[in-house]
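A short write-up of the structure that comes next.
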Amino acid sequence: MIKFSEYSMSDRLLIIYAIIFLSFLYIPVLFLPLFSFSESQYMMFPISDWTLERYVTMWHKTKLREALFASLKVGFFASIISTILGILVARAMTRYLFPFKQSILGFIMLPIAFPEIIMGVGLLIFTIFVGLELSLITVTAGHILICLPFSVLILISRFEGFDKNLEEASLDLGENAWQTFLRITFPIVGSGILASILLTFTISFDEFL
């Protein structure tokens with residue numbers, strides 16, 4: 001393990017800058033849950049009166065509890081399905097050559113470019129136009145559409161650094177494509193898959209529009 005003193009001056013400054021930047025970004029966010037235990041209506045520090053009243057009140061409100069469970073269900077299925085689709089898209093984009101490859105990738109990335117309110121209204125109009133009943137299923141489908149580009153971006157970067165010779169060696173040794181994916185590909189790109197699930201779940205959980 002390399003000690004901090006062994007880094008060059010430029011690397012030390014870069015590390016210090018990264019620590020300051022991340023601290024500035026995340027420390028205020030980490031304080032927010034603490035203020036939820038305060039009796040005061042204002043964000044005041046240090047906290048003098050601690051309470052669980054807000055959480056007890058929230059739990060007894062049926063609508064809030066149902067909304068929380070609905071968001072968790074939608075986020076879970078949207079993150080899993082969008083990540084599975086993202087794996088297929090990323091693998092195709094990094095492994096194969098086919099017509100209109102860049103155009104297809106650009107089309108998949110379109111939801112990132114559109115404002116959220118436009119996407120929400122557009123999906124609502126489309127759902128009503130085709131005669132689908134509005135439910136958590138249609139909400140989940142919309143969230144998959146919005147989350148998929150983020151999953152693809154993460155997984156493409158992971159698959160691009162993947163050594164294809166490892167898969168070819170596995171196939172030459174008698175494994176089929178599915179076994180090769182489970183034993184070779186999945187462990188190597190697993191960190192990217194986990195990152196995709198966590199990011200898409202966060203996006204879905206926060207995506208009210």
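This is a predicted model, so every value here is computed, not measured.
Distance check: F150 CZ to L155 CG gives 13.5 Å after rounding to the nearest 0.5 Å. The OG1 atom of T200 sits 11.5 Å away from the NE2 atom of H143 when rounded to the nearest 0.5 Å. A distance of 12.0 Å separates OG in S151 from CD1 in I81, rounded to the nearest 0.5 Å. With rounding to the nearest 0.5 Å, the separation of SG in C147 from CG in L85 is 11.0 Å.
The cluster map of Ile, Leu, Val, Met, Phe, Trp and Tyr, joined by side-chain heavy atoms under 4.5 Å apart, puts L14 and L22 in different clusters. Following chains of ILVMFWY side-chain contacts shorter than 4.5 Å, one can reach I108 starting from I144, so the two form part of one hydrophobic cluster. I80 and L136 fall into different hydrophobic clusters, defined by Ile, Leu, Val, Met, Phe, Trp and Tyr side-chain heavy atoms under 4.5 Å apart, directly or through other members. In terms of hydrophobic clustering, with Ile, Leu, Val, Met, Phe, Trp and Tyr side chains grouped at heavy-atom distances under 4.5 Å, I125 and I117 are assigned to a common cluster. Hydrophobic cluster membership is shared by L123 and F107, with clusters built from Ile, Leu, Val, Met, Phe, Trp and Tyr side chains linked at under 4.5 angstrom.
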Hey, mind stepping through F205 and V74 against side chain to side chain contact (heavy atoms under 4.5 Å, CB included) and telling me if it holds? CA-CA 8 Å; F205 193 78; V74 170; over 6 Å; no
Side chain to side chain contact (heavy atoms under 4.5 Å, CB included) evaluation trace for L124 with L134: CA-CA 9 Å; L124 177 62; L134 298 178; 3.9 Å; yes
Would L153 and M109 count as a side chain to side chain contact (heavy atoms under 4.5 Å, CB included) if you check the C-alpha gap in whole Å, the side-chain angles of each, and the deciding distance to 0.1 Å? CA-CA 9 Å; L153 285 175; M109 295 299 166; 3.7 Å; yes
With side chain to side chain contact (heavy atoms under 4.5 Å, CB included) as the criterion, how do F126 and L132 come out once you've worked through the C-alpha distance, each side chain's angles and the decisive distance to 0.1 Å? CA-CA 9 Å; F126 174 78; L132 293 176; 5.6 Å; no
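Counting heavy atoms from C-beta on, the side chains of I19 and S23 come closer than 4.5 Å. At least one side-chain heavy atom of L105 sits less than 4.5 Å from a side-chain heavy atom of V152. Side-chain atoms of I193 and R158, non-hydrogen and from C-beta on, never get closer than 4.5 Å to each other. Between I146 and E116, every side-chain heavy-atom pair lies at or beyond the 4.5 Å cut-off. Here the side chains of F76 and L72 are not in contact, with every heavy-atom distance at 4.5 Å or above.
Of the possible polar contacts, none joining the S204 side chain to the F201 backbone as a donor-acceptor pair under 3.5 Å is found.
Among residues at least two apart or in separate chains, side chain to side chain donor-acceptor pair (under 3.5 Å) pairs with a member in residues 64-89 are T83-S196.
Closest approach of L145 and P111 over heavy atoms only: O-CG, 3.6 Å. Considering all non-hydrogen atoms of both residues, V130 and T127 come closest at CG2-O, 3.4 Å.
Under a cut-off of 6.0 angstrom, the local environment of CD1 in I137 is sparse, with at most 12 non-hydrogen atoms contributed by other residues, nucleotides or ligands.
With sequence neighbours excluded, no residue forms a ring-ring contact (aromatic ring centres under 6.0 Å, His included) with F77.
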